[in-house]
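What follows is a set of notes on a single structure, which appears directly below.
By convention in this document, chain letters (A, B, ...) are assigned in the order of the sequence lines, proteins followed by strands, and residues within each chain are numbered from 1. What you are looking at is a predicted structure, and each value in this text was computed from that prediction instead of being measured.
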2 protein chains.
Amino acid sequence: MNATDYNKLAGRIKLLSHPARLRILDALRREAECVCHLEAFLGKPQPYVSQQLRLLHKAGVIQAEKDGLNVFYRLVDNEMIVWLDHILGPIEGEHPEMIIHKQVVFCPCPKCETGDY
Amino acid sequence: MNATDYNKLAGRIKLLSHPARLRILDALRREAECVCHLEAFLGKPQPYVSQQLRLLHKAGVIQAEKDGLNVFYRLVDNEMIVWLDHILGPIEGEHPEMIIHKQVVFCPCPKCETGDY
DNA sequence: ACAGTATATGCAATTTTTTGCATATTGTCA
DNA sequence: TGACAATATGCAAAAAATTGCATATACTGT
């Protein structure tokens with residue numbers, strides 16, 4: 001590993017080093033989520049959430065899929081998925097924050113409409 | 001995991017998200033190093049190196065051991081060691097930068113004097 | 001005690017991140 | 001088409017991290 005490699009690695013690690021982004025990634029490694037859900041359980045304004053998503057998207061870590069008015073983001077970076085497994089522990093069952101969310105939020109995104117939440 | 005947990009975790013990850021600190025930790029996970037060696041292969045001024053070390057020390061990730069004029073730093077955070085294993089890959093053989101360093105630096109720290117380097 | 005060496009500390013300047021918010025864009029439905 | 005809803009974008013203010021450097025401290029050998 002030369003100096004450039006360390007720079008690149010550190011840059012990727014920086015994506016994880018922010019509470020909001022870490023929470024987003026923790027949610028996304030379970031399944032794709034739309035902005036409205038992330039907004040709901042982060043408790044942050046929508047432009048704020050979209051900006052963190054933009055960061056992750058520009059780095060190629062997540063991918064956007066449009067479905068009508070909603071945009072679903074999916075975690076597509078395998079290395080990052082492995083890192084998250086080791087840092088946050090493996091995924092077990094449903095995301096706790098999503099369970100809370102289930103009781104509180106009911107938006108007209110496809111997931112909510114089909115009764116997934 | 002609640003919001004506070006994510007904050008703490010992100011804070012710890014932030015320690016890794018800087019090229020100089022990442023390089024320092026990569027070196028320290030092999031064996032304890034004194035500041036003069038870290039300074040040599042980072043190619044950064046000594047106060048700069050000491051400051052990054054202070055950050056890591058305050059977070060409890062590394063420990064200082066004095067030996068005469070020198071201070072040897074040791075990586076003592078097990079979780080961090082595991083993270084580094086997954087992010088940087090497992091340790092194999094000698095640190096490449098230390099081999100270069102072997103040819104270039106010969107300081108009067110105990111390691112150099114005993115011919116370890 | 002003095003000179004020299006390794007490391008630490010403190011602080012200001014700079015740069016980067018984070019945050020907040022107004023507004024733009026895009027798609028839906030009536 | 002017009003009103004509305006979900007998301008994106010741009011930009012400035014605030015906060016935090018990084019960097020550089022002068023100087024302090026601690027230890028050694030003479």
- Query: With a non-hydrogen cut-off below 4.0 angstrom, is A:Phe72 in contact with a base, only sugar-phosphate, or nothing?
  - Reply: nothing

Between B:Asn70 and A:Gln46, the residue closer to the 5' end of DNA chain C by nearest nucleotide is B:Asn70

note: B:Arg54, atom CZ; C:dT7, atom C1'; distance rounded to Å ~ 11 Å

Taken to the nearest whole Å, CG/B:Leu16 to P/D:dA17 is 15 Å

Sorted by chain and number, sequence neighbours left out, side-chain contact (heavy atoms from CB on, under 4.5 Å) with B:Val35 holds for B:Gln46, B:Val49, B:Ser50, B:Leu53, B:Tyr73

The complete set of salt bridge (Lys or Arg N to Asp or Glu O under 4.0 Å) pairs with one or both residues in residues 81-91 of chain A, sequence neighbours excluded, reads A:Arg29-A:Asp85

With B for base contact, S for sugar-phosphate-only contact and - for none (protein heavy atoms under 4.0 Å), nucleotides 14-21 of chain C reads ---SSBBB

When rounded to whole Å, the CG to P distance for the pair B:Leu53 and C:dT9 reads 11 Å

Here the pair of heavy atoms bringing B:Cys36 nearest to B:Cys109 is SG-CB, 4.2 Å

Residue pairs meeting salt bridge (Lys or Arg N to Asp or Glu O under 4.0 Å), one or both in residues 55-65 of chain A, sequence neighbours left out, come to A:Glu65-A:Arg74

Contacts of B:Gln52 meeting side-chain hydrogen bond (donor to acceptor under 3.5 Å, both in side chains) (sequence neighbours excluded), chain-then-number -> B:Arg21

Looking only at heavy atoms, the pair that brings B:Ala59 and B:Leu15 closest together is CB-CD1, 3.6 Å

Correct closest heavy-atom pair for B:Phe72 and B:Cys34 would be CD2-N, 3.6 Å

Using a cutoff of under 3.5 Å, can you pull out all pairs of nitrogen or oxygen atoms linking the protein to nucleotides 24-30 of chain C, with atom names and distances?
{"unit_1": "C:dT26", "atom_1": "O3'", "unit_2": "A:Lys66", "atom_2": "NZ", "d": "3.3"}

### Query
Ignoring hydrogens and geometry, is there a side-chain-to-backbone donor-acceptor pair from A:His86 to A:Val82 under 3.5 Å?
yes

